[in-house]
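Step one of this worksheet: look at the structure below.
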Amino acid sequence: MENYTATINATEYPPHLKHKVIFETFNKLNAGEAMLLINDHDPKPLRFQFESMYEGQYDWEYVQQGPTLFQVKISKQ
């Protein structure tokens with residue numbers, strides 16, 4: 001079983017808060033820590049945003065890839 005510093009179930013937040021909560025949580029991680037993102041669709045746009053804001057500072061690994069549930073391990077380097 002994987003250990004995560006934080007778990008965010010994005011389906012529990014209104015659309016205008018989702019990315020804010022995700023980025024705030026990521027910023028609180030220490031190097032080497034990871035968070036788990038749970039969503040009901042593939043968060044590809046979020047990954048593009050991570051790439052533009054944190055290039056080379058994170059790892060993105062799908063734990064579960066659909067069709068109705070997506071889980072992504074986001075690690076801080």
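Here the structure is a predicted model, which means the values were calculated and not measured.
When the side chains of ILVMFWY residues are joined at heavy-atom separations under 4.5 Å, either directly or via intervening members, V63 and V72 end up in two distinct hydrophobic clusters. Tracing side-chain contacts under 4.5 Å through hydrophobic residues (I, L, V, M, F, W, Y), one never reaches V21 starting from I38; they form parts of separate clusters. Y13 and Y4 fall into different hydrophobic clusters, where Ile, Leu, Val, Met, Phe, Trp and Tyr residues are linked whenever their side-chain heavy atoms come under 4.5 Å apart, directly or through other members.
With no hydrogens or angles considered, no side-chain donor-acceptor pair links Q65 and D42 at under 3.5 Å.
From M53, atom CE reaches atom CG of L46 across 9.5 Å, with rounding to the nearest 0.5 Å. Between the OG1 atom of T5 and the CG atom of N30 there is a distance of 7.5 Å, given to the nearest 0.5 Å. Taken to the nearest 0.5 Å, the CE atom of M35 stands 6.0 Å off from the CD1 atom of I22. Residue N39 holds its CG atom at 12.0 Å from CD of Q64, rounded to the nearest 0.5 Å. To the nearest 0.5 angstrom, K18 atom NZ is 9.5 Å from L37 atom CG. L36 contributes atom CG, which lies 9.0 Å from atom CD1 of I8 (distance to the nearest 0.5 angstrom).
Using a 4.5 Å cut-off on side-chain heavy atoms (C-beta onward), P43 and F50 make no contact.
Residues T25 and A6 approach most closely at CG2-CB, 3.5 Å, considering heavy atoms. Contact record, S75 with K73: OG-CE, 3.4 Å, taken as the closest heavy-atom pair. Nearest heavy-atom pair across D40 and F70 is C-CD1, 4.2 Å.
Taking the charged nitrogens against the carboxylate oxygens, E24 and K28 have no contact shorter than 4.0 Å, which rules out a salt bridge.
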Quiz prompt | Working for salt bridge (charged side-chain N to carboxylate O under 4.0 Å, His left out), residues E51 and R47 | solution = CA-CA 6 Å; E51 191 58 32; R47 186 172 191 177; 5.9 Å; no
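For an aromatic pair to be called close, the ring centres must be under 6.0 Å apart, and Y54 with Y58 fails this.
Although no hydrogens or angles enter the test, the distance criterion places a donor-acceptor pair under 3.5 Å between the side chain of K76 and the main chain of F26.
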